[in-house]
Amino acid sequence: MIEPPTRSATPQRELEPPERHPEAPAPGTVLPSHYENCVACGPSHPTGLRLVSTAGPEVSISGEFTVTADHQGAPGLAHGGVLALALDETLGGLSWLLRRPMVTGRLETDYIRPVPVGTTLFLTARCLGFAGRRMYAKAVGRLGPEGSVALRASAVFVVVPPEHFVEHGTDMTTEQVHDYEVNP
Ligand SMILES: CCCCCCCCCCCCCCCC(=O)SCCNC(=O)CCNC(=O)[C@H](O)C(C)(C)COP(=O)(O)OP(=O)(O)OC[C@H]1O[C@@H](n2cnc3c(N)ncnc32)[C@H](O)[C@@H]1OP(=O)(O)O
């Protein structure tokens with residue numbers, strides 16, 4: 001028997017409101033890739049999404065990427081896992097505005113419309129607030145800037161110390177991780 005989920009991306013109590021960091025990049029700022037080989041945003045990844053994120057108002061982010069033949073599941077259609085990746089990256093980009101390192105704890109995705117190869121998907125993510133170390137957020141993906149909604153997601157990210165990436169990853173020093181705090 002498959003166990004029912006024990007956690008939910010729907011807040012179970014009132015959240016502390018999110019605060020945009022005073023030194024967050026201004027709305028409209030195109031955000032840099034956080035890692036050149038990232039499968040979602042890295043410019044050096046050969047088949048990645050090359051998703052580009054832009055800081056939005058309050059604690060929100062927009063992102064876009066074009067679905068290519070490298071992102072197919074069924075012929076001519078984006079793979080659902082790839083679409084979850086795009087949502088995860090856009091939601092994770094909220095870190096730039098909060099200036100707190102976070103990792104995805106839970107990502108709940110609704111797939112509403114198929115996304116054909118060649119589509120430029122427009123994503124937006126918004127922070128709902130915090131419950132301790134848990135950050136709750138929502139995201140939407142549209143087929144065009146004002147197009148039909150193809151995807152919706154609710155997520156919980158967990159704030160981690162910068163050392164998380166040094167301890168569990170490779171090629172990352174504590175100095176590099178702390179650089180994010182001053183040089184987004
Ligand atoms: C300096 C700033 C500039 C930054 C500028 C850089 C920008 C950069 C952009 C990046 C954009 C990329 C975006 C992709 C982001 C990924 O894809 S991250 C990769 C995928 N995720 C992971 O690998 C996470 C793997 N899991 C873990 O490492 C650990 O389970 C976690 C999540 C750190 C939690 O472990 P822990 O630290 O021991 O925490 P724990 O005490 O268990 O839980 C803490 C709280 O979180 C809750 N929690 C823990 N796990 C979960 C869960 N799965 N679901 C819900 N709640 C949970 C607990 O219930 C607990 O809540 P409270 O009881 O405190 O209320």
Side-chain angles (χ1 to χ4, degrees), residues 1-10 25 28-57 59-97 101-128 135-158 160 164-165 168-172:
M1 191 187 101
I2 296 173
E3 300 270 326
T6 53
R7 286 170 160 145
S8 163
T10 303
T29 305
V30 175
L31 301 170
S33 165
H34 62 92
Y35 174 44
E36 64 174 1
N37 292 317
C38 172
V39 65
C41 69
S44 300
H45 195 292
T47 54
L49 308 187
R50 307 210 171 164
L51 189 147
V52 175
S53 296
T54 303
V59 187
S60 72
I61 290 274
S62 61
E64 32 178 296
F65 86 101
T66 300
V67 179
T68 73
D70 290 320
H71 309 140
Q72 295 172 99
L77 293 175
H79 194 293
V82 165
L83 298 172
L85 166 65
L87 289 160
D88 190 21
E89 179 72 18
T90 309
L91 286 154
L94 293 167
S95 291
W96 287 114
L97 307 183
M102 298 181 289
V103 291
T104 322
R106 185 170 182 86
L107 180 63
E108 297 174 2
T109 305
D110 292 316
Y111 296 94
I112 297 156
R113 286 175 186 268
V115 180
V117 169
T119 303
T120 298
L121 197 64
F122 289 76
L123 301 121
T124 50
R126 181 171 61 90
C127 177
L128 302 180
M135 190 277 291
Y136 288 83
K138 282 189 180 292
V140 174
R142 291 179 183 275
L143 306 173
E146 305 296 329
S148 312
V149 172
L151 305 162
R152 286 188 194 283
S154 298
V156 182
F157 280 66
V158 181
V160 291
H164 173 98
F165 302 98
H168 300 290
T170 51
D171 300 337
M172 200 75 174

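What you see is a predicted model; the values in this text were computed from it and never measured.
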Which heavy atom of [X] sits nearest a heavy atom of [Y], and at what distance?
X     : Y      : answer
Gly42 : Ser33  : CA-OG, 3.6 Å
Leu51 : Cys41  : O-CB, 3.5 Å
Ala40 : Leu49  : O-CB, 3.4 Å
Leu94 : Cys127 : CD1-N, 3.8 Å
Leu83 : Phe65  : CD2-CZ, 4.4 Å

With a 3.5 Å cut-off and sequence neighbours excluded, list the donor-acceptor pairs that the side chains of residues 109-120 form with protein atoms.
unit_1 : atom_1 : unit_2 : atom_2 : d
Tyr111 : OH     : Gly80  : O      : 2.7
Thr119 : OG1    : Pro116 : O      : 2.6
Thr120 : OG1    : Thr66  : OG1    : 2.8

As an exercise, state the distance from [atom1] of [X] to [atom2] of [Y], rounded to the nearest 0.5 Å.
X      : Y      : atom1 : atom2 : answer
Leu91  : Met135 : CG    : CE    : 6.5 Å
Phe122 : Leu151 : CZ    : CG    : 13.5 Å
Cys38  : Leu85  : SG    : CG    : 7.0 Å
Phe157 : Leu107 : CZ    : CG    : 7.0 Å

Determine whether Ser8 and Tyr136 make a side-chain contact, defined as any pair of heavy atoms from C-beta on separated by less than 4.5 Å.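 Ser8 does not reach Tyr136 side chain to side chain.
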
Heavy-atom check, side chain of Leu31 versus side chain of Pro25, under 4.5 Å: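 With C-beta onward as the side chain, the pair touches.
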
Give a yes or no on this: more than 12 heavy atoms of other residues, nucleotides or ligands lie within 6.0 Å of atom CZ of Arg50.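 It does: Arg50 CZ has more than 12 such atoms within range.
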
Residues forming a salt bridge (Lys or Arg N to Asp or Glu O under 4.0 Å) with Glu108, sequence neighbours excluded: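 Once residues adjacent in sequence are excluded, the partners of Glu108 under the salt bridge (Lys or Arg N to Asp or Glu O under 4.0 Å) criterion are Arg106.
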
Pairs touching residues 81-94 that satisfy side chain to side chain donor-acceptor pair (under 3.5 Å), sequence neighbours left out: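 The answer is His34-Glu89, Asp88-Thr104.
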
Taking side chain to side chain donor-acceptor pair (under 3.5 Å) as the definition, give me every residue that meets it alongside Ser60, ordered by chain and number, with sequence neighbours left out.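 Testing Ser60 for side chain to side chain donor-acceptor pair (under 3.5 Å), a comparison that skips the adjacent residues, returns none.
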
What side-chain donor-acceptor pairs closer than 3.5 Å can you find for residues 68-76, not counting sequence neighbours?
unit_1 : atom_1 : unit_2 : atom_2 : d
Thr68  : OG1    : Asp70  : N      : 3.1
Thr68  : OG1    : His71  : ND1    : 3.4
His71  : ND1    : Thr68  : N      : 3.0
His71  : NE2    : Thr47  : O      : 3.1
His71  : NE2    : Gly48  : O      : 3.3
Gln72  : OE1    : Gly76  : N      : 2.8
Gln72  : NE2    : Ala69  : O      : 2.8

May I have the list of side-chain donor-acceptor pairs in residues 140-147 shorter than 3.5 Å, sequence neighbours left out?
unit_1 : atom_1 : unit_2 : atom_2 : d
Arg142 : NH1    : Gly147 : O      : 2.9

